[in-house]
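Both counts, for ligands and for their atoms, begin at 1 and track the order of listing. Keep in mind it's a predicted model, so treat the numbers as computed, not measured.
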Amino acid sequence: MSPLPKMETFRNEPYRDFSLPSHRQAMEEALAKVRSQLGQEYDLWIHGERVKGSGVFASLNPSHPSEIVGLHQKADPALAARAVESAHRYFKSWSRTPYEERVHLTLQAARLLRERKDEFNAWLILEAGKNWPEAEADTSEAIDFCEYYARQMVRFASPEPLVQMPGEHDELVYLPLGAGVIIPPWNFPLAILVGMTMAALVAGNTVVIKPSSDTPTIAAKFVELLLEAGFPSQAVNLLTGSGSVVGDALVEHPLTRFVSFTGSKDVGLRINELAARPQKGQIWIKRVVAEMGGKDAIVVDHETDLDQAVAGVVVSAYGFQGQKCSACSRAIVDSKVYDEFLDRLKARVVGLRQGPAEEYGNDLGPVINERARKTILNYIEIGKGEGRLVCGGGVPPGEGYFVEPTVFAEIEPRHRLFQEEIFGPVLAVTRARDFDHALELANDSEYGLTGAVYTKNPEKIARAKQEFFVGNLYINRKCTGAMVGAHPFGGFHLSGTDSKAGGPDYLLQFLQAKSIATKL
Ligand code: NAP
């Protein structure tokens, strides 16, 4: 048995500073290296073996869709069943592997990710269309999840201080659940994939990873890294292919013990419903962690530094082209500063630089695919009927899936732009009569993921803390960029199960507690 590795107190992975020539050059070299690997074919990985599907599909570079990033196997329901059965078979062995060994391997994975940070950044830039700083944040968060959950596992493996009955030794131990299905989205194709996978594995579960069909290469690269780190090949299965083809088979399989999903509301609710129906031979209630969409608001009070508020709204609304569940898609502004806010906002937004993600210095890149672009452009048309277009709304020239950063003013609560998740660079601005009204508007949503308030008034801050109903509230700062360990992440209402990824309780989603009383 390997001893528990020495671990210092957790600290977040520092970001590279790309204004330094050495960091910039390293990134350029990684991009060139990764470019030379584009177009390769990847296999499924089931029960420690490479497996072919019924055909292949291509993942594309959203900045240059004529460029194929990777070719991936199309799995079918039979292969999905095989993957779950394989994960189930290996569970006994992996769950009995000493936790010290699992922690050690998790830290090894962190070490390899750190060594290859530029390379993973490059895959994120080329397959997901992240600009350099966004890619750097994604990879850093992936490293943070490994480091943080490794430490949390040590905590859950340590004895719980229980009341001791006279004449007994009383214990509470945490056991893993079984074979789980990991379904991440494309928008944090590394961080969320790594977070959900490593939490499950370090806790002693085996997994079937079903990555997003937009970003399967990043998942394939991560699975390669796990094997290199020393994880047993049968603990991890990789099943690429369309979610609509294999999703139900994975979720409904009687040997699936849990599903860890991050993605849209519709898919999350479907998974929740299907998982709740017991299948023939199933002897447990499946556990579902579903983290879903958002319609996040920033409240701008009149008692604030307006430039700071505008800067916070811009970075929250247009970072990664607004394709974050935490993105600000509603700015709710006190009428006393509304016009001034809009003027300053417009001045900043029209100055944003948009272009291919691999070009250093671009503020915005493309959206993920043509379907997403069409959906966003459709919302822009809807917005023209509902409110007033302040800026943007068009499609910049170029091969990529670009949509201009767009602002609509005079949006009201009954409007679709106020209520529906757009998941693109479109911001709705709404006028509030006063702070009470602003909080009421902010809470007028079926979602409850992130939110922010800009105000200098301590009483209003106290009220926001109590009344703004979101899982992640930020005061006088942007509403994106949750940091592992500092901002445990997860939303209320239809934003999900509030599992608080990157928080001290997250591993409990992947564990079950067993109470043991021994008569002395
Ligand atoms: P999505 O369309 O729901 O897809 C998410 C994942 O589910 C993908 O891997 C997808 O595979 C798979 N899937 C699709 N249909 C399925 C089915 N019937 N059964 C099982 N799996 C299925 O979401 P997305 O477009 O990738 O991601 C964007 C959404 O994620 C937004 O709504 C965003 O707000 C949300 N999100 C939430 C959080 C959070 O923490 N709350 C974080 C990030 C993103 P295919 O690609 O093959 O369809």
*Does an N or O from Thr262, backbone or side chain, lie closer than 3.5 Å to an N or O of ligand 1?*
no
*Which of the atoms in ligand 1, numbered in the order shown and given with their element, are less than 4.0 Å from a heavy-atom of Gly247?*
19 (N), 20 (C)
*Side-chain donor-acceptor contact under 3.5 Å, Thr217 with Glu127*: yes
*Identify, by atom number and element, the atoms of ligand 1 in contact range of Ile192, meaning under 4.0 Å from any of its heavy atoms.*
42 (C), 43 (C)
*Run the ring-centre check on Phe408 versus His415 and record whether the distance is less than 6.0 Å.*
no
*For ligand 1, note which part of Ser213 has a heavy atom under 4.0 Å away: side chain, backbone, both or neither.*
both
_Show me which atoms of ligand 1 lie under 4.0 Å from any heavy atom of Ser242._
47 (O)
*asked:* With respect to Ser264, determine whether any N or O atom, backbone or side chain, lies less than 3.5 Å from an N or O atom of ligand 1.
replied: yes
_Those atoms of ligand 1 less than 4.0 Å from some heavy atom in Asn187_ = 43 (C), 44 (C)
*asked:* Between Glu412 and Thr430, do the side chains contain a donor N or O and an acceptor N or O under 3.5 Å apart?
replied: no
*Per-atom contact, atom 4 (O) of ligand 1, protein heavy atoms, under 4.0 angstrom*: no
*Taking Gln321 as the fixed residue, which of Val367, Ile368, Val426, Val403 is the one that meets the side-chain contact (heavy atoms from CB on, under 4.5 Å) rule?*
Val367
*Considering only the protein, which heavy-atom contact is closest to atom 18 (N) of ligand 1, and what is its distance?*
Gly243 O, 3.6 Å
*Answer yes if the ring centres of His493 and Phe469 are under 6.0 angstrom apart, and no otherwise.*
yes
*asked:* Side chain, backbone, both or neither: which applies to Ile271 and ligand 1 if a contact is any heavy-atom pair less than 4.0 Å apart?
replied: side chain
*Option of least heavy-atom distance to atom 24 (P) of ligand 1 (set: Phe188, Trp186, Phe423, Tyr447)*: Trp186
*When the ring centroid of Trp45 is compared with that of Phe231, is the distance short of 6.0 Å?*
no
*State, with a plain yes or no, whether a side-chain heavy atom of Arg16 is found less than 4.5 Å away from one of Asp118.*
yes
*Side chain, backbone, both or neither: which part of Phe261 has a heavy atom under 4.0 Å from ligand 1?*
side chain
*asked:* Testing the basics here: between Leu60 and Tyr401, what is the closest heavy-atom pair and its distance to 0.1 Å?
replied: CD1-OH, 3.9 Å
*Looking at atom 37 (C) of ligand 1, what's its closest protein heavy atom, distance included?*
Met292 O, 3.0 Å
_Residue-ligand contact Pro184/ligand 1, heavy atom below 4.0 Å_ = yes
*What protein heavy atom sits nearest atom 11 (O) of ligand 1, and how far off is it?*
Lys210 NZ, 2.9 Å
*Under 4.0 Å to a heavy atom of Leu449 - the qualifying atoms of ligand 1, by number*: 41 (N)
